[in-house]
J.: 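Right, I'll just put the structure down here and ask away after.
None of these values were measured; they are calculated from a predicted model. Hydrogens, waters and symmetry mates play no part in the numbers below; they use all other heavy atoms, side chains included. Each chain gets a letter, A, B and so on, in the order the sequences are listed, and its residues count up from 1.
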Amino acid sequence: MKNYLRYLYAILAVPVIVLLRYALMPLIGPGVPYVTLFPVSVGVAMLAGLGPAILTGILGSIVVDFFFIPPLYELDFATVDGISRIVIVTLTSAFVGYVGEVLREARTKAEKQAVTLRESQQDLNRAQAVANTGSWRLDVQRNELTWSDENHRIFGIPKGTPMTYETFLSTIHPDDREYVDTKWKAGLAGEPYEIEHRIIVDGQIKWVREKAYIEFDKEGALLGGFGTTQDITERKKAEDALRQIRDDLARSNNDLEQFAYVASHDLQEPLRAVAGFVELFRQQFPEPLDAKKQGYMNFIIEAVKRMQTLINGLLEYSRIESRGKEPEPTEAGRALNIAVMALQTSIKESGAKIIAETLPTVNVDSVQMVQLFQNLIGNAIKFRSESLPEIRISASRQENDWRFAVADNGIGIEPEYVERIFLLFQRLHTRNKYPGTGIGLAICKKIVERHGGKIWVESKPGQGSTFYFTIPRTGDI
Amino acid sequence: MLVEDSPSDAALTMEALAAGKIANNLNHVENGVEAMDYLRRKGRYAKATRPDLIMLDLNLPKKDGREVLEELKTDFDLKSIPVIVLTTSHADQDILRSYQLNANCYITKPVDFKHFIEVVRSIEQFWLTVVTLPKNI
């Protein structure tokens, strides 16, 4: 309340004092002239504070003296008697005013507290509604169960229903009832209480998650429990759906793996027969064969070998997913070393120089990392140019992933083919010039994409190519 | 004795052994039932001679090679005959199980024809010249 207003009230109170005293004249006569001053200054104190109350006291007592104390209608308060009367009255009304002020403060404080409490309560209710979590309290001695609004909503029992522990039990799915009861009794004995169970609401099954802490009084006697109930029906449904999908996927992968294995297996036998008998035929033919017939036989045998390589390649491709492991921290440098060791023969033959910069530790399937490096470096050696192959492997840290690069000085790739080469069975050269099945890069792509990364190439025909691939960074790796 | 259901693999095996000692004494059966009949000299195999060595494929029709292996190695009379498991499978379970059933050795048939021949010849080399076999009664 603004200051001028407070003192305005103080001043306006004075005529009120006078008028009220006049009004009481027929009832109590001229005695106790100050009788209305005190209540009014209390009123002023409660409305406007101590200062205004004192003002009212002073002005009021002067005016009452003027109007009601003989000699009437004379400002004669300047006598010792008069002034002492004013002082006494003012002090008394100040005291009364002070009491009023205290009362006023108490009332204001109480109002503020009530507002804060109401807001708190509202926030709590809103928070519970948003979190789909209700709270409850069980007084074990009196077997009284109290629920928050949200809890009533979750359990579908209207507010106001008298409730006990048995009320709660009755809402539980019959199959889960014993479990919950056992767990609760254990909770009362001190075990942690955190369970998930089903309840039945309007014939529907819901899943809830309960947590509680048990309260004991000062002597250690059991008082009851306070807890929360979270409606996790949606989460359970999602979990079930996810589990279903995961099972389907596992089964599908398994089928695929079996199929691939059996197919490749059973295909080997006729291939062995074809190559074998052609070879025997060649050896056992009575006269040496002419070049043309030798050529035919070579084609057959080469075809068989190629078929075997294709089958192995396809098998490897299909196993990337079905035999893929979960990513784990792997030193890329070590994977590179293993790959390089596997390529020793071609490295020696070609005189290739492998330069590796410092490589990080990344979250990958370590076996597949080796495969990746082996394929990329193998290609770099295979598609070399006239000069001695020089292959540089590096990694640079990006915002969300590590970007690896395998750079060579080989024959390069025309820009129009840079996307195509990652497809299955795509080759850019005839078999005579460069051997290969066209599966290697498709395998690299599958491995990289399985880890959530990307692979691409930048190249200049005649100058060399750099193959880039990314592996997502997780955690602080 | 060769227990092998694939005619082409059988022919190749016999070709590989043609130059060696076994060639004339190699008996070939095509499934597990015939294999046991032969070894037990049942029916038309009444006059069969006891083999010095058995090369056994695992995937056979009727009675499968794994069953044959088990029966062989639990038969008091027959368990002393060395059994070489020669099969296309390279599954870990098959390998482990074969050795658990007391196969004398396990060989995965090479995919490549030339290697196949080498392997077969080395089997002959090892088991018939290096190794000492029990005398047959």
Side-chain angles (χ1 to χ4, degrees), chain A residues 253-286 289 294 296-319 322-325 345 367 435-437 439, chain B residues 2-20 22-23 26 28-31 55-61 64-66 84-98 106-124:
Chain A
N253 269 345
N254 208 26
D255 288 347
L256 208 64
E257 159 81 4
Q258 278 204 327
F259 173 75
Y261 179 78
V262 165
S264 75
H265 218 244
D266 292 344
L267 288 173
Q268 301 291 10
E269 191 229 10
L271 289 176
R272 185 167 46 241
V274 169
F277 288 112
V278 165
E279 188 58 43
L280 285 175
F281 190 87
R282 207 218 299 259
Q283 285 172 8
Q284 295 179 13
F285 211 78
L289 292 163
Q294 289 276 17
Y296 292 166
M297 304 231 177
N298 285 339
F299 276 129
I300 295 176
I301 295 185
E302 286 305 305
V304 168
K305 290 217 173 89
R306 213 166 47 253
M307 183 97 185
Q308 287 172 333
T309 316
L310 273 168
I311 290 176
N312 284 333
L314 275 177
L315 205 55
E316 199 184 335
Y317 186 78
S318 79
R319 283 195 175 139
S322 65
R323 285 209 186 166
K325 303 186 298 185
T345 329
V367 169
T437 51
I439 300 186
Chain B
L2 175 65
V3 188
E4 170 64 67
D5 65 322
S6 153
S8 59
D9 279 352
L12 285 176
T13 308
M14 292 202 256
E15 267 301 323
L17 296 170
I22 312 183
L26 185 66
H28 171 223
V29 294
E30 291 184 328
N31 62 58
M55 285 191 279
L56 181 64
D57 187 7
L58 286 182
N59 296 313
L60 300 168
D64 146 295
R66 300 163 185 89
I84 299 162
V85 172
L86 184 62
T87 181
T88 43
S89 166
H90 51 116
D92 289 329
Q93 320 84 281
D94 282 337
I95 300 175
L96 185 63
R97 188 90 188 100
S98 300
Y106 186 105
I107 299 178
T108 309
K109 283 185 200 167
V111 153
D112 180 76
F113 156 74
K114 289 222 173 75
H115 288 162
F116 182 76
I117 302 286
E118 277 167 26
V119 163
V120 171
R121 293 214 173 117
S122 70
I123 291 174
E124 184 188 23

J.: Between atom CD1 of A:Ile301 and atom CG of B:Asp112, what is the distance when rounded to the nearest 0.5 Å?
T.: 9.5 Å

J.: First locate atom CD of A:Glu269, then atom NZ of B:Lys109, and finally report the distance between them rounded to the nearest 0.5 Å.
T.: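 The NZ atom of B:Lys109 is 6.5 Å from CD of A:Glu269, to the nearest 0.5 Å.
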
J.: Between CZ of B:Phe113 and CD of A:Glu279, what distance do you get to the nearest 0.5 Å?
T.: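 With rounding to 0.5 Å, CZ (B:Phe113) is 5.5 Å from CD (A:Glu279).
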
J.: Salt bridge (Lys or Arg N to Asp or Glu O under 4.0 Å) with A:Asp255: which residues, sequence neighbours excluded?
T.: none

J.: Could you go through residues 303-314 of chain A and list every donor-acceptor pair under 3.5 Å that involves a side-chain atom there, pairing it with any protein atom two or more places apart or in another chain?
T.:
{"unit_1": "A:Gln308", "atom_1": "NE2", "unit_2": "B:Val111", "atom_2": "O", "d": "3.1"}
{"unit_1": "A:Thr309", "atom_1": "OG1", "unit_2": "A:Lys305", "atom_2": "O", "d": "2.9"}
{"unit_1": "A:Asn312", "atom_1": "ND2", "unit_2": "A:Gln308", "atom_2": "O", "d": "3.4"}

J.: Give the interface residues of residues 3-12 of chain B toward chain A, defined by a heavy-atom separation under 4.5 Å.
T.: B:Ser6, B:Ser8, B:Asp9, B:Ala11, B:Leu12

J.: Say you draw a straight line from CD1 of B:Ile117 to CG of A:Leu280; how long is it, rounded to the nearest 0.5 Å?
T.: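 So the CD1 of B:Ile117 and the CG of A:Leu280 are separated by 6.0 Å.
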
J.: Do B:Glu15 and A:Gln284 have side-chain N/O donor and acceptor atoms under 3.5 Å apart?
T.: yes

J.: Below 4.5 Å from any heavy atom of chain A, which atoms of B:Lys114 appear? Answer side chain, backbone, both or neither.
T.: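 Side chain only.
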
J.: Taking only residues two or more places apart in sequence or in another chain, which ones pass side chain to side chain donor-acceptor pair (under 3.5 Å) with A:Arg319?
T.: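 A:Arg319 satisfies side chain to side chain donor-acceptor pair (under 3.5 Å) with no residue once adjacent residues are dropped.
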
